[in-house]
Structure formats: structure tokens, C-alpha cells
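Encoded as C-alpha cells, the structure appears first; notes follow it.
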Protein chains: 2
Amino acid sequence: MNDHTLPSAPLHDGVVGAVREMIFDGELIGGQRVPEKLICEKLSISRTPLREALKVLASEGLITLLPNRGARIRRLTTEDVDDMFPVMGALEALAGELVCEQISDAEIDEIRALHYRMAACHKNGDLSGYFELNQRIHGQIMAATGNATLGELYAFLAGRIRMARYRANFSQDRWDQAMAEHEDILQALGERDSVQLTKMLRTHLKNTCDTAKSVIEAGGLRE
Amino acid sequence: MNDHTLPSAPLHDGVVGAVREMIFDGELIGGQRVPEKLICEKLSISRTPLREALKVLASEGLITLLPNRGARIRRLTTEDVDDMFPVMGALEALAGELVCEQISDAEIDEIRALHYRMAACHKNGDLSGYFELNQRIHGQIMAATGNATLGELYAFLAGRIRMARYRANFSQDRWDQAMAEHEDILQALGERDSVQLTKMLRTHLKNTCDTAKSVIEAGGLRE
DNA sequence: CCATAGCATTTTGAATTCAAAACTCAAGGG
DNA sequence: CCCTTGAGTTTTGAATTCAAAATGCTATGG
């Protein structure tokens, strides 16, 4: 009766996640061919699960599959980011609206805790820790809307933006500014002021997109 | 009859499309197990490309993969639709805004032509022709925004709604109403009146979602 | 010296194979 | 009588195999 059969490890998902991380971490860079054989060896798997994963990543828009010519890491263009900005803006505006209606005190506290940890990373110059927590804060805000679809689409687009690896171009000034924006976001969230929250989220998003675009432009010249 | 023949060139994409159509056509119904072997025979392919396709469809949210227990067609719940409505509303609102700025006269004419063909289907009681054209009109509006990301996300969600097969529950009254809503949409589009367009798109979406939900509720009891 | 045709190698796409897990169903025990 | 048990079958997950396509390399001719 008490059949506590744990769902066995979703093995294939692991590969998708692993390759996705490789892309986000910059181990696989935009425009580059995906070295199928190498990754198989690295993950100690055969080509079958990897190829399944590549199909999924292609549908997420992280890679491009060229028939009989292999897979390439998608190269995000400034036009892509320009397209993404208004869409992410619309999603964040909706999130700002919903989250102020839905969020509990406990959830605010949880986000506040993440925020302070992120502030510590900022203070200590721990950029990767900062980005990790930044990611989680935005995710928690989306989760607190109670709207799974919203969170899913947001994560979908946020993943693509991550490809630009705009963190590489994070000046101290920009970092300080982003941190200040997050202070404002937390403030508005604490007061459940959806108008102000939406406004600050949009400002923050705009700056994030601008930074990403400047990285893309610089990268384009380098090659 | 239902001849799901694939385009020969990129086999795998064809399989994704073919299975997706099977779901939309109601050949594979929510909650049902996906008969792997049967579909392989039907499409005359081996399990490898089918399994790749299933992974992609799972990432689209059309099916659910249970480890070691096969794939099931996702069963859309009313809660899912309630989540989707505000998100699709936000995307359509953005589309209404953008399309009024961007659309050319030629594109309006093209949509108008589709609209009249759809009106003819309505008049003749051709429901499946109506839905096909309805689909294309909404797609063209999204395309005319010039924002590929927006169109992509919209198609993603519209695909899920299609799973509800709400067309089955289309009363003549509802059909007449939907057609009237489309008249208003076309009118607003012709005048590039984004406020009115957004308003009508929202009304139309609300009714579509309500119809879908009523089908889901009815289906839930029957099974 | 360069261009290109022809051959060998590598890479890709998809079928087949193989092991492990789940399901079926009938027999045995409480 | 119902619950458990376990062998046989089916289904699933993933490696391997195989054919076709692309890529690279050499040799030959202009």
C-alpha cells in the first residue's frame, strides 16, 4: 500500500541541464559547433541521450540544428534582445501586478533573505554568487505570483538572455546601479506597491538588456 | 484519410509536427498513454526519432514523460487555463500595441482576405475550416508585429489551449459571437486603433478560454 | 602554381540491439 | 476469499551499429 516508489532519476533531463549549464557558463560559446563526441565523453553517455537533449535545447532556442551539418550554439543578436525586451517587460509587468496581490509575508521574507545574501556578494565582489542569487530572486518573484505558466515563459526568455553572458561586461558602476535597483524592487515588494514595483522591474530589465546588447556588439567586432 | 505523411527531408522535425497534429486533431487524447510502437508503425519510423520528438513535445508541455512509465498526453486543467489567460492577455495586449504601429496596408489586406474566407466557413458551417483560418489570422497578427519572440511565445501557449479541443463545444451562439468579435478585431486593426484592438482581443480571448474551460469541466465528469 | 576531381575519413541521422524496469496473470498461502 | 509472490512478457532507456552525407586530402591536369 505505502508504495513510496521514488521516481527514478530523470536521466535524460540531466543531460539537458548539463549542456544548458555549459552554454550559460560560457563553456560553449555562441556560433560554435557543438562537439558531440567530446560532450559524450565528458558526460560519459552515448550519442542517443545527447542528441535527444540537443533537440530539446533547439526547441528552447539555445542551439540551432543544421541538417547534416550539426548543431551550433545560437548566437544572440541585438535584434533578438530588442524583440525580447518588450515581451519580458510585459511578463514582468503582469508579474508585478499579480505578485502584489498574491505574495505572503513569509515569501517576502524569503526574498528579502536572498536579497541580503546578494548584497553581501556585491559587497565582497563575488560576481558569480551575485548572479546566482539574482537569478533566484527573479525566479522567486515569478513563483510568488502563483502562476506557473508565467514563471515558465519568463524562465524560457531569461535563459536566452543568459546566453549573452553579459555578466562579463559588468562594470562596478553598472553593478552598483543594479544593486540599487534591487533595493527599490525589494522596497516596492515589501509595500506591495504594484505600480512602483512594475516601474522598477522595467528599469532594471532595460538596463540588463542594454548591458547584454553592449556585450553582443563588442563580441561581434572581436570575431 | 488521416494521412500523417511526413516531409522527407528533416525526419525528426516532421515527427514532432506529425505527433503534434495528432494531439491537436484529438487522435491522441488528454491523459492517454502515447502508444510508441503504434505511432512508429503509422509513421514508418523507428523508435529513435519518435523518442526525440517526445522529448521536444514534453518541453512544449503537450505531453508528460514518466520515467520508465512512458509518455502521456497532458491533460489540461481549468487551473492551467486560468494561469494561461492573463499571460496570453499580456502577450496579446503587447501585440495589439505593436501591430498598430508596425502593420502595413498589404498585411492588413492579407488578414482581411483570411477573415472573409473565415466568414464564409462560418456561413457554410465548416467548423474545421473556420478554426484553421482563425488560427492563421491570429498568427498573422502576431507576425505583423515584427516581433519573432512574441509570436513564438504566443504560438507556444496557443498550442496548449488547442489541446482542450474546445471546438467540440462550439455552440452556434458561441460561434456567431466569436465571428462578431473577429469583425470588431478586423475593424480596429483597419483603423490601427490599438486601444480598441487590445480590448477586443481580450474579450475574444476571455471567451475562448471560457469555452475551453467548459469543455475541460465536462470532459472531467465524463471520464 | 592553382583549380578541381576522386578517394578516404569523419560526422551525422536513424535503425537495431540489449539490459533493466514495469506490467500481467496465474498459483500459493494466510 | 483476498492478498502476496514470482515467472514470463512487454515496454522503456540507452548503447551500438549501419548507411548516407559532409569534410578533408591528395593527385592530376591546365
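Labels below follow one simple rule: chain letters A, B, ... track the order of the sequence lines, proteins then strands, and each chain is numbered from 1.
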* Is D83(A) reaching over with its side chain to a backbone N or O of N147(B), donor-acceptor style, under 3.5 angstrom? -> no
* Structure fact -> Between S214(A) and T211(A) the two heavy atoms that sit nearest each other are OG-O, 2.8 Å
* Report the distance from atom CG of L50(B) to atom P of dA15(C), rounded to the nearest whole Å. => 10 Å
* Give the rounded distance in Å between these two atoms: NE2 of H12(B) and P of dT12(C). => 16 Å
* Residues, nucleotides or ligands: over 12 heavy atoms within 6.0 Å of R174(B) CZ -> yes
* **Identified side-chain hydrogen bond (donor to acceptor under 3.5 Å, both in side chains) partner of Q140(A) from the options E110(A), Q135(A), E107(A)** => E110(A)
Please list, pair by pair, any protein nitrogen or oxygen found under 3.5 Å from a nitrogen or oxygen in nucleotides 16-21 of chain D.
unit_1  : atom_1 : unit_2 : atom_2 : d
dT16(D) : O4     : T48(A) : OG1    : 3.2

* For atom CG of L66(B) and atom C1' of dA22(C), their distance in whole Å -> 12 Å
* Does a nitrogen or oxygen in the side chain of R33(A) sit under 4.0 Å from OP1 or OP2 of dT12(C)? -> yes
* Choosing from dA14(D), dC23(C), dA14(C), which nucleotide comes nearest the side chain of R69(B)? -> dC23(C)
* To do: Write down the atom of I63(A), the atom of I73(A), and the distance for their closest heavy-atom approach.
  => CG2-CD1, 3.9 Å
* Asked: I45(A) CD1 to dA15(D) P: how many Å, rounded?
  -> 7 Å
* Enter the distance from T64(B):OG1 to R74(B):CZ here, rounded to the nearest 0.5 Å. => 6.5 Å
* Rounded to the nearest angstrom, tell me the gap between atom NZ in K37(B) and atom P in dA15(C). => 16 Å
* Could you check how far CD of E36(A) sits from P of dG13(C), rounded to whole Å? => 7 Å
* Structure fact -> In short, K55(B) meets L65(B) closest at the heavy-atom pair CD-CD1, 3.7 Å
* Applying side-chain hydrogen bond (donor to acceptor under 3.5 Å, both in side chains) between H182(A) and each of H122(A), H204(A), H115(A), report the one that passes. => H204(A)
* If the plane angle is over 60° it's perpendicular, under 30° parallel, otherwise tilted; pick one for Y166(B) and F131(B). => perpendicular
* Roughly, in whole Å, what's the span from CG in L43(A) to C1' in dA15(D)? -> 15 Å
* Structure fact -> Taken to the nearest whole Å, CG/L54(B) to P/dA14(D) is 14 Å
* Asked: Looking at five pairs on each end of the helix from dC1(C)-dG30(D) to dG30(C)-dC1(D), what is the angle between the two axes, given to 10 degrees?
  -> 10°
